[in-house]
K.L.:
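Just passing along the structure, written as structure tokens.
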Amino acid sequence: MELAKSGSNTASKRWTLIAMILASGIVFLDGTVVNVALPSIDRELNAGLSGLQWIVDGYALTLSAFLILGGAIGDQYGRRRTMLGGLAGFGIASAACGLVTGPEWLVLARLVQGIAGAFLVPGSLAVITAVFNDNSEEQGKAIGTWAGWSGITTVIGPLLGGWLVDNLSWRWIFFINVPFVAVTFWLILSRVPETSDRKAGRKLDWMGAVLAVIGLGGTIFGLIEGPVAGWNQTGIVLALVIGVLALIAFVIVEFRVPDPMMPPRLFRIRNFTGVNLATFGVYFALAGMSFFVTIYVQSIMGYPAFFAGLAFFPISVIMLLFSSRAGRLAGKYGGRIFMTV
């Protein structure tokens, strides 16, 4: 593991943690903040149900499809450098979201946002792991703090978005990203050490990267559009078939290439597989609940956008109070019991 600059002192570690929380938090925030703005977006842009779905799901589609590639590029060419590029792209795409004049352009800008976000999330956790590498308890607390604050943004998103929609405009849920991106860019540039995971002679697994993007993209596209367009539609069936075949090919390639971007041997480690499955379940539940409850309390219960977001405030408080504590205890005693609870 390469660490180009010293991150051993407490102040440096603290600033690194803050920068990584901001970087990943912006990505998670934009996954939920748009939910409370959908009725306003529809009224102004006449997006329709399909357009609204793609405004939300297009972001998740590209974020998921490019996530592994973003992490691999960061490991190979430097995580700080990769995250700075992702932040620049995210800021530009956010400004474009706020300036669009039609639903098609908003969907396109959201797709770009997702791609840029994929270069931020895996790098942020990898940087924390590299910088807080001299004490397992301290590392566990740092990861818990990062996870807690990053997760909080998925719940704060509807609250902030609701206030902006009610008092300004839905466009401000995207404009507000720009100053946050600028501050985070400066923090990473000035305070965060460069880290990577380069090995002699190692090359980026481009074949695996392409297959991962096609596999995840095709599968997610089919799953999103299937319930709307119909599962028997040729385009949906084709997308699912191509996606599944690409994912199968991805697994085969990862077993055969000398430097796989996702080494299959990792899944032989029970703790690695278990932690990933548990994390998937937690964030799937949190994000899914946020989407549906936000729409329900506005469309069925008649809440204004701000109060729709306020419904999630108790979750934010609980995560804020206990995430770092649970992370510290997990670093000291092991994470199994805490993840199970």
Side-chain angles (χ1 to χ4, degrees), residues 25-64 94 97-98 100 102-107 109-111 113-114 117 148 150-177 220-231 233 236 280-320:
I26 292 170
V27 178
F28 293 133
L29 178 69
D30 264 58
T32 58
V33 71
V34 73
N35 293 340
V36 295
L38 294 177
S40 297
I41 293 173
D42 189 31
R43 285 193 297 270
E44 183 171 334
L45 300 182
N46 193 27
L49 179 60
S50 178
L52 293 178
Q53 286 181 313
W54 272 108
I55 289 168
V56 175
D57 296 333
Y59 178 78
L61 172 63
T62 51
L63 178 63
S64 303
S94 296
C97 286
V100 297
E104 300 85 0
W105 290 107
L106 181 53
V107 171
R110 289 282 286 171
L111 292 172
Q113 262 193 322
S150 297
I152 285 170
T153 60
T154 66
V155 183
I156 290 178
L159 183 64
L160 175 62
W163 187 89
L164 291 171
V165 170
D166 288 340
N167 293 277
L168 297 173
S169 165
W170 64 265
R171 297 179 183 274
W172 278 95
I173 67 174
F174 300 111
F175 287 145
I176 200 171
N177 286 339
I220 295 168
F221 175 87
L223 293 174
I224 290 173
E225 285 295 301
V228 180
W231 295 106
Q233 294 295 313
I236 302 302
F280 170 79
V282 169
Y283 280 99
F284 178 87
L286 185 61
M289 177 190 65
S290 176
F291 176 78
F292 289 111
V293 172
T294 303
I295 292 178
Y296 174 79
V297 296
Q298 286 188 87
S299 300
I300 306 301
M301 300 181 68
Y303 283 21
F306 176 75
F307 283 99
L310 191 62
F312 292 93
F313 188 70
I315 300 176
S316 300
V317 173
I318 291 171
M319 293 181 69
L320 177 62

K.L.:
Does any part of the side chain of Trp231, heavy atoms only, come nearer than 4.5 Å to the side chain of Leu223, both counted from C-beta?
P.N.:
yes
K.L.:
For residues Gln113 and Asp30, report the shortest heavy-atom separation together with the two atoms involved.
P.N.:
NE2-OD2, 2.8 Å
K.L.:
Ring centroids only, cut at 6.0 angstrom: are Phe221 and Trp54 within range, meaning strictly under it?
P.N.:
yes
K.L.:
Drop me the distance from Tyr59's OH to Leu111's CG, to the nearest 0.5 angstrom.
P.N.:
11.5 Å
K.L.:
Kindly give the heavy-atom pair with the smallest separation between Arg171 and Val100, and that separation in Å.
P.N.:
NH1-O, 2.8 Å
K.L.:
Would you name the heavy atoms of Trp170 and Leu106 that are closest together and state the gap between them?
P.N.:
CZ3-CD2, 4.3 Å
K.L.:
Any chance you could measure Cys97, atom SG, to Phe175, atom CZ, to the nearest 0.5 Å?
P.N.:
9.5 Å
K.L.:
Looking at every heavy atom in both Ala37 and Ile173, which two are closest together, and how far apart are they?
P.N.:
CB-CD1, 3.7 Å
K.L.:
Would you check if the side chain of Asp42 reaches a backbone N or O of Leu38 as a donor-acceptor pair within less than 3.5 Å?
P.N.:
no
K.L.:
Quick one: CG on Leu45 to OG on Ser40, what's the gap to the nearest 0.5 Å?
P.N.:
10.5 Å
K.L.:
Give the minimum heavy-atom separation between Val34 and Phe174, together with the two atoms involved.
P.N.:
CG2-CZ, 4.0 Å
K.L.:
Which pair of non-hydrogen atoms, one from Ser94 and one from Asn177, has the smallest distance, and what is that distance?
P.N.:
OG-ND2, 3.1 Å
K.L.:
Just by distance, do the side chain of Thr62 and the backbone of Gly58 share a donor-acceptor pair under 3.5 Å?
P.N.:
yes
